[in-house]
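In each ligand, atom 1 is the first atom listed, and ligand 1 is the first ligand listed. Values in this document were obtained by computation on a predicted structure and should not be read as measured data.
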Amino acid sequence: MTPSLASRQNLDFTLYEWLGVEALTTRPAYADHARETFNALLDLSEKLAQDKYLPLLKDTDRHEPWLDEAGQVHVLPALHAALHATTDAGLFASGFGPEHDGLAVPATVYWAAMGLLKAASVSAAGFMMLTVANARLIATFGTPAQIETFARPQIAGRWFGTMCLSEPQAGSSLADITTRAEPDGEDALGHRYRLRGNKMWISGGDQDISENIVHLVLAKVPGPDGRPIAGTRGISLFIVPKVLPTETAQGERNDIAVAGLNHKMGYRGIPNCLLNLGEGRHTPGGRSGAIGYRVGEVGQGLAQMFQMMNEARVGVGLGAAMLAIRGTQLSIAYATDRLQGRPLDAKGRTDQPPVPLIAHPDVKRMLLAQKAYAEGALSLVLYAGRLIDEERTAESPEARTQAGALLSLLTPVAKTWPSEWGCVANDLAIQIHGGYGYTRDFDVEQLYRDNRLNPIHEGTTGIQGIDLLGRKILRERAASLRQLQALVAATVDRAHQAGALEHQADEVQAAWDRITQVVATLLTLNDDARALAHATAFLSAFGHAVVAWLWLDQALLCADATTPFRAGKLAACRFFIETELPRVGLWLNQVATLSECATAMTPDMF
Ligand SMILES: Cc1cc2nc3c(=O)[nH]c(=O)nc-3n(C[C@H](O)[C@H](O)[C@H](O)COP(=O)(O)OP(=O)(O)OC[C@H]3O[C@@H](n4cnc5c(N)ncnc54)[C@H](O)[C@@H]3O)c2cc1C
């Protein structure tokens, strides 16, 4: 059996039948589109993924990017070809509006198309994700000259972009960054600064594919006393190009140098760099200091950067989901072809032929679990994509605001749930392949290694939990949570009215009732420090409850089970609600009792 990258039948069901993306074409922003143009984009991405991305998956893993003596990072020629084919096809521009020479493809469809590339090589697709989000940030907050100079070449795919937040000593806590930016006058591109500092873990921080690299860098400007302003209030955002594009400095190298490459467990197609800014390796304008152009106002850097971070967080969730989807496809094919053992009621009957792995109940369990995690994760990120479209184009301002609030609430979940459970799905894919799965001759071990990054970058799972419970629920006194709960209740009502999946609907409602109770307790407690000590357990429970709701909502469209595809959706919904949803209670118990089991530990007790 030849495995596909990702089932197009499932993608079509999710986009057209469940999320109703065709209805978006009635909105002015997407009026040039129809199902045919959406399908054409998906076909194009699928072909690129098959022809250009999949063949380089293993090579990019075996041959990591390398740094030459002159300080230039190189990647494999096949990666150049794949990325150039992607830009030539106009994919970088596809999600932008006509004012930026884009095709105005809805976010939901754009994410699905990008997902196909990620299924084939998540790290190669990382260049596009970063570049598109970087260009969108500049298009939102930059001056017209900055947009023209720095966003447009990225939208065209000639230049690539990065995000430079982390530093060796400051990862989760960006308030502690020490990169400094000293004012250096003004030119046609805005307020110019000289930056000095170190940026760690920068994906795509250098490469030899694109003509130039646009780094978006967080740094601190001096306060009135000449010292950097403490905390996140002191953070501003700067565009730091690798090669300067100004008239006076056309083609001059900026003072930003690769100090070294990080050698990763997976995700090796995209270089990961330690960058030194302003160490004097290059001397633009005759002196050291990396030239950067400020975006927006002083002190607004982190707030602006959140636009790119939020886009990247959904992008990380998408990558994690697609790795799980591909692992599931490989597992189905392997379990169909590989013969091993006899049915449970014919054990030891060597006179009978062996059966395929897929005939064994335990293998079916692992396949169904993978399906429930992988398709659940994909539906979550594409649902987030649909909220992006609502936030941008819904008819009334109220509907746009509501979609924005819901998207903000769900972003930590869309980032984390696929990352955590996508890894579990890939772990099961290895298990189904037995010993072969543990070798580098099969793709599943690499999928697992590639996916293992996702709970770490773009804010770890621990940080997402604090964001969800602290900022998005307790600080808002559960306002957008109530909005989400109304949507859950509507799905549960539909199940009752249709007389279908009522038992599952009751289980989903019960899980959400428990979340309501626990949040009410935490709000009354009014002690964020104690509550947030259990934020990850809360996020785990919340994520499972969200995905159970999404499974129920989709299963209601399949209640007649008229085809194996629909029967499979129903089975996955039942499996998730029967065997996974009960975990919600265990996680919430820890939160509700404010368990001190871990929090009371002192370092010497470990
Ligand atoms: C391959 C890769 C690519 C990356 N790409 C980029 C990039 O392009 N740009 C960029 O700017 N960064 C990038 N990063 C950095 C990434 O975002 C950070 O690694 C991540 O934010 C965690 O920071 P840290 O590694 O310093 O870990 P730390 O912040 O030291 O965290 C270590 C552990 O402690 C926990 N922890 C830390 N603080 C708290 C807290 N307050 N409460 C509870 N738990 C806490 C964390 O959850 C984590 O489990 C990348 C990282 C990797 C590995």
Practice item. May I ask which of Leu453, Leu532, Leu174 has a heavy atom nearer to atom 52 (C) of ligand 1 than the others do? Key: Leu453
Check your understanding: Of Asp176, Ile270, Asn454, Asn272, which has the heavy atom at the shortest distance from atom 3 (C) of ligand 1?
Key -> Asn272
Review point. Heavy atoms, side chains only, cut-off 4.5 Å: are His191 and Tyr293 in contact?
Key: no
**Study point:** Arg158 atom CZ, neighbour heavy-atom count above 12 within 6.0 Å
**Key:** yes
Practice item. Write out the residue and atom name of the closest protein heavy atom to atom 10 (C) of ligand 1, then the distance separating them to 0.1 Å. Key: Ser166 OG, 3.4 Å
**Study point:** Of the listed options Thr461, Leu130, Ile466, closest to atom 43 (C) of ligand 1 (non-hydrogen atoms)
**Key:** Ile466
Review point. Taking the side chain as C-beta and beyond, is there a heavy-atom pair between Asn276 and Arg281 under 4.5 Å?
Key: no
Revision key, fill the gap. Looking at Thr536, Leu165, Thr162, Ile177, the heavy atom closest to atom 11 (O) of ligand 1 belongs to Leu165
Study note, to complete from the structure: For atom 8 (O) of ligand 1, the closest protein heavy atom turns out to be Ser203 N, 3.0 Å
Check your understanding: For Arg194, does the CZ atom have more than 12 heavy-atom neighbours from other residues, nucleotides or ligands under 6.0 Å away?
Key -> yes
Point to revise | Min heavy-atom dist Ile456 to ligand 1 below 4.0 Å | key: yes
Practice item. Give the residue and atom name of whichever protein heavy atom lies nearest to atom 23 (O) of ligand 1, and the separation in Å to one decimal. Key: Gly171 CA, 3.4 Å
Exercise for review: Drop me the distance from Ile235's CD1 to Arg233's CZ, to the nearest 0.5 angstrom.
Suggested key: 11.0 Å
Review point. Within a distance of under 4.0 Å, is there any protein heavy atom near atom 34 (O) of ligand 1?
Key: no
Review point. Which heavy atom of the protein is the closest neighbour of atom 9 (N) of ligand 1, given with residue, atom name and distance?
Key: Met163 O, 2.8 Å
Study note, to complete from the structure: Numbered in order shown, the ligand 1 atoms found under 4.0 Å of a heavy atom of Glu458 are 17 (O)
Review point. For the ring pair His457 and Tyr267, is the centre-to-centre distance below 6.0 Å?
Key: yes
Review point. Does NZ or CZ of Arg471 fall inside the cone over Phe306's six-membered ring, less than 6.0 Å from its centre and within 45° of the axis?
Key: yes
**Study point:** Proximal ligand 1 atoms for Lys264, defined as those under 4.0 Å from one of its heavy atoms
**Key:** 1 (C)
Review point. Would you say atom 50 (C) of ligand 1 touches the protein, meaning some protein heavy atom is under 4.0 Å from it?
Key: yes
**Study point:** Minimum-distance protein heavy atom relative to atom 4 (C) of ligand 1
**Key:** Trp201 O, 3.1 Å
Practice item. Starting from atom 41 (N) of ligand 1, locate the nearest protein heavy atom and write down its residue, its atom name and how far away it is, to 0.1 Å. Key: Ile463 CD1, 4.3 Å
Study note, to complete from the structure: of all protein heavy atoms, closest to atom 36 (N) of ligand 1 is Ser172 OG, 4.3 Å
Check your understanding: Taking the six-membered ring for Trp, is the centroid-to-centroid distance between Phe160 and Phe92 below 6.0 Å?
Key -> yes
Review point. Do any N or O atoms from the side chain of Asp68 and from the backbone of Ala70 form a donor-acceptor pair under 3.5 angstrom?
Key: yes
Review point. Just by distance, do the side chain of Asp206 and the backbone of Gln72 share a donor-acceptor pair under 3.5 Å?
Key: no
Check your understanding: Quick one: does atom 31 (O) of ligand 1 have a protein heavy atom under 4.0 Å from it?
Key -> yes
**Study point:** For ligand 1, the portion of Asn262 having any non-hydrogen atom under 4.0 Å away
**Key:** neither
Check your understanding: What are the atoms of ligand 1, with element, lying closer than 4.0 Å to any heavy atom of Thr460?
Key -> 22 (C), 46 (C), 47 (O), 48 (C)
Check your understanding: Heavy-atom distance from atom 14 (N) of ligand 1 to the protein below 4.0 Å?
Key -> yes
Review point. When the aromatic ring centroids of Trp417 and His544 are compared, is their separation below 6.0 Å?
Key: yes
Exercise for review: For the pair Gln446 (side chain) and Leu57 (backbone), establish whether a donor and an acceptor sit closer than 3.5 Å, ignoring hydrogens and angles.
Suggested key: yes
